[in-house]
Amino acid sequence: MKEPDFAERVYWLVTQIPYGQVATYGQIATYAGSPRAARAVGTLLRHSLENYGELPWQRVLNAQGRISFKGDLGRAELQRALLEAEGISFHQGQCDLRRVRWAPREVFWDVD
DNA sequence: TTAGTGACTGCAT
DNA sequence: CATGCAGCCACTA
């Protein structure tokens with residue numbers, strides 16, 4: 001049985017984020033075993049639509065509870081709309097992570 | 001194989 | 001509070 005690679009761990013973890021809750025890129029990277037790979041998580045999710053259309057990618061935000069984008073405003077608006085539809089509210093462009101942050105009860109993968 | 005890029009992050013200015 | 005910047009790491013050309 002092959003050990004799941006980083007990308008597989010990331011995609012699986014994102015599917016574990018409960019409806020109405022969110023996780024940060026750093027959280028996903030940490031749970032996937034690479035605490036410093038937050039940026040890599042973003043890289044993977046950027047292509048998630050084409051590779052994993054089922055993924056609830058909208059539930060992943062940056063460490064400040066904000067939607068991360070440099071361009072592509074359309075997708076940012078879609079993400080916010082999807083989250084608000086789940087009951088997550090935004091104030092000044094950011095949501096209250098203390099309230100909606102996903103706090104898994106189990107350990108998935110240890111840091112390498 | 002090397003170099004460049006980016007849906008990140010924490011610390012320093 | 002706003003930038004800047006180096007560290008990180010997977011992906012692509």
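Within every chain, numbering begins at 1; the chains are lettered A, B, ... in the order of the sequence lines, protein sequences first and strands thereafter. This is a predicted model, so every value here is computed, not measured.
- Annotation: salt bridge (charged side-chain N to carboxylate O under 4.0 Å, His left out) contacts involving residues 12-32 of chain A, sequence neighbours excluded, are absent.
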Extract from the structure each pairing of a protein N or O with an N or O of nucleotides 9-11 of chain B at less than 3.5 Å, listing the distance.
residue	atom	partner	partner atom	Å
dT9(B)	OP1	Gly26(A)	N	3.4
dT9(B)	OP1	Ala63(A)	N	3.0
dT9(B)	OP2	Ala63(A)	N	2.7

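- Partners of Glu77(A) according to the side-chain contact (heavy atoms from CB on, under 4.5 Å) rule, which considers only residues two or more places apart in sequence or in another chain, do not exist here.
- Rounded to whole Å, the distance from CG on Leu82(A) to P on dA7(B) is 19 Å.
- Rounded to whole angstrom, the span from the NE2 atom of His47(A) across to the C1' atom of dG6(B) amounts to 9 Å.
- Atom C1' of nucleotide dA10(C) and atom OH of Tyr11(A) are separated by 10 Å, given to the nearest angstrom.
- Computed from coordinates, the Arg46(A) CZ to dC9(C) P distance equals 19 Å when rounded to whole Å.
- In this structure Arg66(A) satisfies the side chain to side chain donor-acceptor pair (under 3.5 Å) test with no other residue, sequence neighbours excluded.
- Applying the side chain to side chain donor-acceptor pair (under 3.5 Å) rule to Glu86(A) yields the partners Gln58(A), Arg59(A); only residues at least two apart in sequence or on another chain are considered.
- Nearest heavy atoms, Ala7(A) versus Leu44(A): CA-CD1, 3.7 Å.
- The CZ-C1' distance, from Phe6(A) to dC8(B), rounds to 11 Å in whole Å.
- One finds the OG atom of Ser68(A) at 8.0 Å from the CD atom of Gln79(A) (value rounded to the nearest 0.5 Å).
- In this view, Arg101(A) and Thr24(A), Gln27(A), Leu97(A) satisfy the side-chain contact (heavy atoms from CB on, under 4.5 Å) rule, not counting sequence neighbours.
- By the 6.0 Å contact criterion, CZ on Arg80(A) is enclosed, its count of non-hydrogen atoms from other residues, nucleotides or ligands being greater than 12.
- In this structure, the CZ atom of Arg66(A) is 12 Å from the C1' atom of dA2(C), given to the nearest Å.
- The stretch residues 16-23 of chain A does not touch DNA chain B, since none of its heavy atoms comes less than 4.0 Å from the strand.
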